[in-house]
There are 2 protein chains.
Amino acid sequence: MTATTGKAATIKDVAREARVSVASVSRSLNGNGGVTAETALRIRAAADRLHYVPHAAARMLITRRSNTIGALLPDLYGEFFSELIRGIDLAARARGLHLLVSSSHDGAEDAAAALRAMQGRVDGMLILSAHVDAAFLQANLPRSLPAVLLNSAVTSPAYAVLNVDNYAGAYAMVRHLLGAGHASVALIAGPAGNFDAQQRDKGYRAAMAKHAPHAPITVLAGDFSEESGYRAGREVLALRPRPRAVFAANDMMAVGCLAAFKEAGVRVPQDIALAGFDDIPIARYVTPPLSTVRVSIAELGRSALERLAALLEKTEPLPAHADTLGCKIVIRESCGASLIATSIQNILSTSHP
Amino acid sequence: MTATTGKAATIKDVAREARVSVASVSRSLNGNGGVTAETALRIRAAADRLHYVPHAAARMLITRRSNTIGALLPDLYGEFFSELIRGIDLAARARGLHLLVSSSHDGAEDAAAALRAMQGRVDGMLILSAHVDAAFLQANLPRSLPAVLLNSAVTSPAYAVLNVDNYAGAYAMVRHLLGAGHASVALIAGPAGNFDAQQRDKGYRAAMAKHAPHAPITVLAGDFSEESGYRAGREVLALRPRPRAVFAANDMMAVGCLAAFKEAGVRVPQDIALAGFDDIPIARYVTPPLSTVRVSIAELGRSALERLAALLEKTEPLPAHADTLGCKIVIRESCGASLIATSIQNILSTSHP
DNA sequence: GATGCGAACGTAATCGTTTTCATGGGGATT
DNA sequence: AATCCCCATGAAAACGATTACGTTCGCATC
């Protein structure tokens, strides 16, 4: 045991201990050949004995790689956040990448500051933020830093984006409601500027146009909050004729809407059917359980990381730039469809305008 | 504009541009004096012009500080996870620290590997993991790396630990149930090895001993899953005499238990009262809404980071080593207490054996 | 006018790795 | 037996910052 007292062992210490040069240690430990099996063994032994761990900073400096990717996330909803991180983290670990997280950003400049702070610490970025548009990226994202945008409206082919297929999900749910015998379906919309909300709105309209061309298009305002869902629910009850079904652009609004219905003594699904979007955990526990559209958030995170990893490996700019992730509709009791054999239907992921 | 074409500007480029030495650039930009106001201005100008950002790795190498803290987290429940990260992240950002996350660890060696991988990339660690005990830390955590343990049973004064006051929370809830007129209270326990579960169990027993010394102690097995809560609920119904109230060691079990009661046509709270622990979002939405104990998870994360930051600043070993975070009981309908003016009571955070 | 002193600034060592290039020795080939 | 080549190895140059230590001034003091 040679001087175990000092701080951390460096590559030099290992070299001395194994009686070779630092170059050999480096080569050997990094798996690049050029070392006798015997000396490799001696080196590994010395390394363990000294508890040698390569100094990350030194390696980063010379290698110009941090093996770290950054995730820039807004201040977002519980379940969504944790699932997303889980997906990213799992995929990252599988690839030996570290994950630097910066979440809870409110304003655009808040996000910009965070992005700048990550400069040089990460090899690539995963970005999910409402404030991020092409101009923002132009100004704050160095051209040399690969990035994947999640759920973004950015269309520039210069950036890789990955969206969940809100359109197809909404379309499928509305079609299901119509197919279950509800002749008219109203939509509780999400916030006007929100990309997801817009896509879901489009899906609703498309499904109505296709499968119930003569039914009225009814859209109530909402902002994804439970409160706004409650208000919209009361508006729905005041409508004449009253729609047979309500599709809320997210589950929280559906839950609020359900409260309004209960309060008014309107039964779900007998008097009016209800469906949401997201499949948050609460959806299963309200009474009646809420039919909804499930998005595999973890999958989104995983895919995003894989995509980014691909960008990191190739120096070539990759071809495909916009991708879409499918979702499933989950039929529970609130939509009044008698339970079919399979209560979950897959929706093909398709691209859409 | 001098050679804006190249890759990233280094301190040398700035020095050349401002016609001073690199030492002056470093001093000036880092706020250490020794520079004329005039040259400082020239340097800053040159730096912006070149979009100079100091190379993190180079700085880390010489400084031996990464300004990054690592968070080692198990594979844990949605809301808890996101709130915890939020609290940590907010506090970290306020201090200019970065956050390196490694989550979803299952086994002890999984965690060990993650811990090792973070070596040298972080200045300190936040650790929350069931597999972490004193021996584990001894083996895998370098003595030189400051760390704060969250919700840990480790008692060694060598490590800083921060726990939520499960004991006081459980105690207060059970006392409340007894005070509300329910003469007997049964507990659905958590997994045997779990630290939180143990503390909640102790709180239950202490409250019973103190406020209902003659009532029987009834403990049903559970493992924090909804399923186990359902099973325990059925066991409760078979009990003779049937307890007047059930306290589940977490909300998910309470939800499962509630399902069992509903299925059997037993009304909550009229026939039997029910309470949980954690205040997960679902608790508000089940019917009837669930009384529970709220833990401010974000606060836990924030405190942990502050604590760690303190460790980082002082080289002195800090005195206090174990701390505890209070929680509140949240009274909703499931426990059958008529709603009092304030439905949330604060519980003083006290230390306990 | 010589001396001392402090502020402003530059030179160079340093951090721990990777990587290029040179070197030497030991087969294999001729 | 001479030549060639390959392969294991080592020496040293990067990488980009911080900082200890000199150096050069200008100015006040004696």
Side-chain angles (χ1 to χ4, degrees), chain A residues 3 6-44 46-47 50-68 96 117 119-123 142 144, chain B residues 3 6-44 46-47 50-68 117-123 142 144:
Chain A
K7 286 300 170 188
T10 79
I11 197 174
K12 267 187 190 164
D13 300 325
V14 177
R16 187 174 332 113
E17 181 84 1
R19 293 180 315 175
V20 293
S21 71
V22 293
S24 297
V25 176
S26 175
R27 273 190 292 257
S28 169
L29 260 31
N30 290 333
N32 312 333
V35 199
T36 306
E38 183 206 0
T39 57
L41 216 63
R42 214 166 66 239
I43 289 172
R44 178 152 307 269
L50 269 46
H51 295 103
Y52 169 67
V53 178
H55 195 289
R59 185 182 289 198
M60 274 170 69
L61 180 57
I62 189 76
T63 300
R64 324 212 118 261
R65 271 198 130 231
S66 59
N67 287 318
T68 302
Q119 291 281 7
R121 316 182 81 97
V122 300
D123 297 337
S144 55
Chain B
K7 287 299 169 189
T10 79
I11 197 174
K12 268 187 189 162
D13 301 326
V14 178
R16 189 178 326 116
E17 181 84 1
R19 295 182 313 180
V20 292
S21 74
V22 293
S24 296
V25 175
S26 176
R27 272 191 292 258
S28 169
L29 260 32
N30 289 335
N32 311 334
V35 201
T36 306
E38 183 206 3
T39 56
L41 217 63
R42 214 165 68 238
I43 289 173
R44 178 151 307 269
L50 269 46
H51 294 104
Y52 170 66
V53 177
H55 195 287
R59 187 184 290 206
M60 277 170 68
L61 180 57
I62 188 77
T63 300
R64 325 212 117 258
R65 273 199 127 231
S66 60
N67 288 317
T68 302
M118 286 198 176
Q119 291 281 11
R121 316 181 81 100
V122 300
D123 297 337
S144 55

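Sequence lines set the chain letters: A, B, ... in the order given, protein chains first and strands last, and positions in each chain run from 1. Note that the structure is a prediction, hence the values are computed from the model and not measured.
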Asker: Under 3.5 Å between N/O atoms: give me all the protein pairs with nucleotides 13-16 of chain D, atom names plus distance.
Answerer:
| residue | atom | partner | partner atom | Å |
| --- | --- | --- | --- | --- |
| dC15(D) | O3' | R64(A) | NH2 | 2.8 |
| dG16(D) | OP1 | R64(A) | NH2 | 2.5 |

Asker: How far apart are the closest heavy atoms of G120(A) and A56(B), and which atoms are they?
Answerer: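 Closest heavy-atom pair between G120(A) and A56(B): O-CB, 4.2 Å.
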Asker: Using the closest heavy atom to pick a nucleotide of DNA chain D for each, name whichever of A23(B) or R42(A) lands nearer the 5' end.
Answerer: R42(A)
Asker: Output all residues satisfying salt bridge (charged side-chain N to carboxylate O under 4.0 Å, His left out) with D13(A), sequence neighbours left out; order by chain, then residue number.
Answerer: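 Scan of D13(A) (salt bridge (charged side-chain N to carboxylate O under 4.0 Å, His left out), adjacent residues dropped) gives R16(A).
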Asker: For the residue pair S66(B) and M60(B), establish whether any side-chain heavy-atom pair is separated by less than 4.5 Å.
Answerer: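 A side-chain contact under 4.5 Å exists here.
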Asker: Closest approach of R44(A) and L29(A), non-hydrogen atoms and distance?
Answerer: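 Looking at all heavy atoms of both residues, the shortest contact is NH2-CD1, 4.1 Å.
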Asker: List for me each residue that meets side-chain contact (heavy atoms from CB on, under 4.5 Å) alongside A117(B), sequence neighbours excluded, and say none if there are none.
Answerer: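 Per chain and number, A117(B) pairs via side-chain contact (heavy atoms from CB on, under 4.5 Å) with H98(A).
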Asker: Quick one: closest heavy-atom pair of L61(B) and A57(A), and the distance?
Answerer: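 Reported closest heavy-atom pair: N-CB, 3.8 Å.
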Asker: Starting from the first five and the last five pairs of the helix from dG1(C)-dC30(D) to dT30(C)-dA1(D), work out the angle between the resulting helix axes, to 10 degrees.
Answerer: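 Here the helix ends are tilted 50° relative to one another.
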Asker: For dT9(D), does either OP1 or OP2 sit under 4.0 Å from a side-chain N or O belonging to S21(A)?
Answerer: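 S21(A) to dT9(D) OP1/OP2: no side-chain N or O under 4.0 Å.
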Asker: Could you pull out all residues at least two apart from R65(B) that satisfy side-chain contact (heavy atoms from CB on, under 4.5 Å)?
Answerer: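 So R65(B) forms a side-chain contact (heavy atoms from CB on, under 4.5 Å) with T63(B), N67(B), D123(B), L312(B).
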Asker: Rounding to a whole Å, what distance do you find between L29(B):CG and dT19(D):C1'?
Answerer: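 Checked: the CG to C1' distance equals 15 Å.
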Asker: With sequence neighbours left out, write down each residue that passes side-chain contact (heavy atoms from CB on, under 4.5 Å) with S24(A), or none if nothing qualifies.
Answerer: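 S24(A) satisfies side-chain contact (heavy atoms from CB on, under 4.5 Å) with V20(A), S21(A), R27(A), I43(A) only.
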Asker: Nucleotide range of DNA chain C contacted by chain B, 5' to 3', under 4.0 Å to a heavy atom?
Answerer: dA8(C) to dG16(C)
Asker: What residues form a side-chain contact (heavy atoms from CB on, under 4.5 Å) with T39(B), not counting sequence neighbours?
Answerer: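 Here the qualifying residues are V35(B), T36(B), R42(B).
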Asker: Using a cut-off of less than 4.0 Å, is there contact between a side-chain N or O of T39(A) and OP1 or OP2 of dT9(D)?
Answerer: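 Yes, such a contact exists.
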Asker: Would you mind classifying the nucleic acid contact of T36(A) as base, sugar-phosphate or nothing, using non-hydrogen atoms under 4.0 angstrom?
Answerer: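 Since only primed, P, OP1 and OP2 atoms lie under 4.0 Å of T36(A), the category is sugar-phosphate.
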Asker: Kindly indicate whether the side chain of R64(B), heavy atoms from C-beta on, has any atom under 4.5 Å from the side chain of H55(A).
Answerer: yes
Asker: Mind listing the closest non-hydrogen atom pair of A9(B) and L50(B) along with its distance?
Answerer: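 Heavy-atom minimum between the residues: CB-O, 3.7 Å.
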